[in-house]
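This report refers to the structure that appears directly beneath it.
No hydrogens, no waters, no symmetry mates; every other heavy atom, side chains included, goes into these values. Computed from a predicted structure; not experimentally measured.
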Amino acid sequence: MNKNRQDKKLLFRVKKKDKNAFIAAYDLYADEIYRFAFFKVGNAEEAKDLTSAVFLKVWNYAQSQGLDESQSLRAFIYKTAKHLVIDHYRQLREIETRLDNAENGLLETLTDEKQNPEQQAEILSDMDLVRAGLEKLKDEYRDMIIMRFVDELSFAEIAEATGKTAGTVRVQTFRALQALKDLLADKK
Amino acid sequence: MNDKDLIAKLNILKDVKPESSWKQETRDLLLAQISNSVGQEVKVSLFEAMACDFKNFFSFLPSTAWAVICLMIILTGGSFGALAAKNSKPGDTLYIAKVWKEKIQLAMTFNQEDKAKLDMKLASIHAMEITEVLSDPNFNVAGNQKKAEQLAQNFKQEINTVKERYSEINQMRQENLALNSSGSAVNNTSSNLAAGDDNAKVGIGDIQKDASGKVYGVESGKDSKGLQFYDPNTGSKDNVGIGRATSALGAPQSLSSSSGPGSAVAHVASSTVSASENINTTLDKATQSFDIKDFSGAKDMLDQVGKIIANIDSGSVKGASESGTSTAGSGAAGTVGSSSGK
């Protein structure tokens, strides 16, 4: 609830073109957007570029068009990220390389030298499992899983970001989770 | 693997984050870029911030809940307002609430006769309130002269309203009488009642007409209690068309037992004054008292008017019309006006 109220406050201020509020929104959502982009494109560098582009685009849009129709700043940022990722895909020549890059990216991000090999192995094992499952899911379901269970967006925010109704999002999230569970069960 | 385990595994992905150095660099870059684009520093006022906070505080409530809360506030506020305004007088702050309540009451009354009765009742109450305000010594100060003049004008308007509504009710009932009696199988001996021929006898159930030939009642020969009428002018007690002041719209002029206690015979005073003349006279007297600033006299007159109106409301003459109906076999209502039978 607090995060929701904070978001509404930031949205109100960003609508008034308060740049400090926008920077506060960046501090709050940069990690999530990076993560979202990372799981989409599978590459850390590309994910960083996309993250910067997303926030700049959101600010420019707020300046020119206004955010009157938006109910949630977070959802609007996710929506922008989604569109930019689609544009990015169009520019990609080799989509297969995305899957290999994802594995390398995850390795670098999740493991560090302080962890002992067993811990690293355990993390990687779990991650392998989940990643493999996510890869096989269709884009729509993957987005739902990342937004709902990793970034913890509300159904209303996901609905606004994806342009669907909250009811549809609820159903699809459930189905996505079931699909992932079935995939992981098959893997085992 | 159950849902809980799967979600726990998915939560590990939360650790996927960019480096903090990159995050800081990008932040500075973004700040520099957006600073160039903003023309002037936009400040959010304290009021706007508080309004936003207030709105967000209750944002968890669905819109239907808001609608219900607003409706409850309006109804509760309206009820309290109406309660507080109940005893307010002209010039009081809450008097306008009372006026609005009365307007709503009138608007919600769809029957024309009831509407006219209510309007008449309210007008007489208003007139009474005006006299009470003007009779208050605290009101009659130099600064309130204009208000006093306005109230005096309003008083006269209210009196006129009472007269007009009374006349309307009168007319409506006469029209009803005419409609009811036109289909009856009563032997119409009204030809005997030529204009001005008050000596003609009429039988029970016969239509009564006034001098102008306008139907005003059906003779039942009895009053509401089934008693015969005694005309003190003629001394006759038979059931002829005796003028009664007991009309559908007015209180009886006077009713008294003819002799001794327990007498069942009602007396009717002079029947030349009709009930409508009675109320008009009382209202005129009230106006005269008001004009000479005899407010207590005006209040007394208005009290009488209030009683007459209350009699109309309570339908004190319903019995007459009902008995008239039962004896005459017609659907006639009570009588209005008077005629003397001899």
> So A:F149 and B:L13, side-chain contact (heavy atoms from CB on, under 4.5 Å) or not? Walk me through it.
Replying inline: CA-CA 9 Å; A:F149 300 110; B:L13 295 176; over 6 Å; no
> Any donor and acceptor pair, going by atom type alone, linking the side chain of A:Y34 with main-chain N or O of B:K23 inside 3.5 Å?
Replying inline: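 Not a single qualifying donor-acceptor pair exists.
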>> I'd like to know if the side chain of A:R35 reaches the main chain of B:K14, judged simply by a donor and an acceptor atom lying under 3.5 Å from each other, with no hydrogens or angles considered.
In response: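 Yes; judged by distance alone, with no hydrogens or angles, the pair exists.
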>> With a strict 4.5 Å heavy-atom criterion, list every residue of residues 48-55 of chain A that contacts chain B, or say none.
In response: A:K48, A:T51, A:S52, A:F55
> Closest approach of B:L10 and A:V150, non-hydrogen atoms and distance?
Replying inline: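 Heavy atoms of B:L10 and A:V150 come nearest at O-CG2, 3.6 Å.
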>> On a heavy-atom basis, which atom in A:I23 and which in B:R27 lie closest, and how many Å separate them?
In response: CG2-NH2, 3.1 Å
> What residue, out of B:I7, B:L29, B:N11, has the most heavy-atom pairs lying under 4.5 Å from chain A?
Replying inline: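 Heavy-atom pair counts peak at B:I7.
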> For the atom pair CD (A:E32) and NZ (B:K17), what is the distance rounded to the nearest 0.5 Å?
Replying inline: 10.5 Å
> When rounded to the nearest 0.5 angstrom, what is the spacing between CG in A:N20 and OG in B:S35?
Replying inline: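 It is 8.5 Å, given to the nearest 0.5 Å.
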> Which atoms of B:D5 come close to chain A, meaning under 4.5 Å heavy atom to heavy atom: side chain ones, backbone ones, both, or neither?
Replying inline: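 Contact with chain A is absent: no heavy atom of B:D5 under 4.5 Å.
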> Given that the side chain runs from C-beta out, which part of B:L6 has a heavy atom under 4.5 Å from chain A: side chain, backbone, both or neither?
Replying inline: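 Only the side chain of B:L6 comes within 4.5 Å of chain A.
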Heavy atoms, side chains only, cut-off 4.5 Å: are [X] and [Y] in contact?
X: B:L30; Y: A:L56; answer: yes
X: B:L31; Y: A:Y26; answer: no
X: A:N60; Y: B:I34; answer: no
X: B:D3; Y: A:Q178; answer: yes

> So which part of A:E152 gets closer than 4.5 Å to some heavy atom of chain B, the side chain, the backbone, both or neither?
Replying inline: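 The side chain, not the backbone.
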>> Please check if the number of heavy atoms outside B:K147 that lie under 6.0 Å from its NZ is greater than 12.
In response: no
